[in-house]
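As structure tokens, the structure follows; a few thoughts come after it.
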Amino acid sequence: QVQLAESGGGLVQAGGSLRLSCVASGRIFSISSMGWYRQAPEMQRELVARITSGGSTDYADSVKGRFTMFIDNAKNTAYLEMNSLNAEDTAVYYCNAILIPGNKLGPSRSYWGQGTQVTVSS
């Protein structure tokens, strides 16, 4: 069973920084892509950042220059470093991975973590 587990959320003052982590565990043959998404109350889930197997990183316009995503391949862990946080960043942040589960080549599947709450106060 493959699981994604986010951590690092919490309450932070505007202008502050926070680092989120996402660990992919279980039987994993390979990971194609990992990304971060967020969802505020009564809002749609939106892409924050994503890294593909080709090494390309995409960021939402609203976080460019403030957030940085990176992956530690040896640990199957994705990170999202968030700086200059503001109230508009308040949301539940979700980790997503597209990967091949198991110990041999097979179909890719998409997995989601449970989410971690980020609250930015003034």
Q. Do R50 and Y59 pass the side-chain contact (heavy atoms from CB on, under 4.5 Å) test, and can you show the C-alpha distance, the side-chain angles, and the key distance before you say yes or no?
A. CA-CA 7 Å; R50 190 165 198 96; Y59 295 96; over 6 Å; no
Could you measure the distance from the [atom1] atom of [X] to the [atom2] atom of [Y]? Nearest 0.5 Å is fine.
X   : Y    : atom1 : atom2 : answer
Y93 : M82  : OH    : CE    : 5.5 Å
I51 : M69  : CD1   : CE    : 4.0 Å
Q13 : N86  : CD    : CG    : 14.0 Å
E81 : S21  : CD    : OG    : 10.0 Å
L18 : D89  : CG    : CG    : 10.5 Å
L11 : S121 : CG    : OG    : 4.5 Å

Q) Any donor and acceptor pair, going by atom type alone, linking the side chain of T116 with main-chain N or O of G9 inside 3.5 Å? A)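 Side chain of T116 to backbone of G9: a pair is present.
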Q: Could you tell me whether the side chain of R38 and the main chain of V92 form a donor-acceptor pair under 3.5 Å?
A: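 Judged by distance alone, no pair lies under 3.5 Å.
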Below 4.5 Å, heavy atoms only, C-beta onward: do [X] and [Y] meet side chain to side chain?
X    : Y    : result
N96  : S110 : yes
L85  : N83  : no
I71  : M34  : yes
L105 : F29  : yes
V48  : L80  : yes
R27  : P101 : no

Q) Please walk me through it: do W112 and E6 pass side-chain contact (heavy atoms from CB on, under 4.5 Å)? A) CA-CA 10 Å; W112 292 91; E6 303 100 333; over 6 Å; no
Q.
Does Q117, at its CD atom, have more than 12 non-hydrogen atoms belonging to other residues, nucleotides or ligands within less than 6.0 Å?
A.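 Above 12, so yes.
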Q.
With clusters defined by side-chain heavy atoms of hydrophobic residues (ILVMFWY) lying less than 4.5 Å apart, directly or transitively, does Y111 cluster with I28?
A.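 Same cluster: I28 reaches Y111 through Ile, Leu, Val, Met, Phe, Trp or Tyr contacts under 4.5 Å.
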Q | D72-T77 side chain donor-acceptor pair, cut-off 3.5 Å | A |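 Per modelled atom types, D72 and T77 side chains form no pair under 3.5 Å.
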Q.
Using the ring centroid of each side chain, check whether W36 and F67 are separated by less than 6.0 Å.
A.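 No.
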For the student: nearest non-hydrogen atoms of [X] and [Y], plus distance:
X    : Y   : answer
L4   : A24 : CD2-CB, 3.4 Å
S108 : S32 : OG-OG, 4.3 Å
A40  : T90 : CB-O, 3.8 Å

Q: Output all residues satisfying ring-ring contact (aromatic ring centres under 6.0 Å, His included) with Y79, sequence neighbours left out; order by chain, then residue number.
A: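 Listed in chain order: F70.
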Q: Give the C-alpha distance, both sets of side-chain angles, the deciding distance and a yes or no for side chain to side chain donor-acceptor pair (under 3.5 Å) between S25 and N76.
A: CA-CA 7 Å; S25 62; N76 280 352; over 6 Å; no
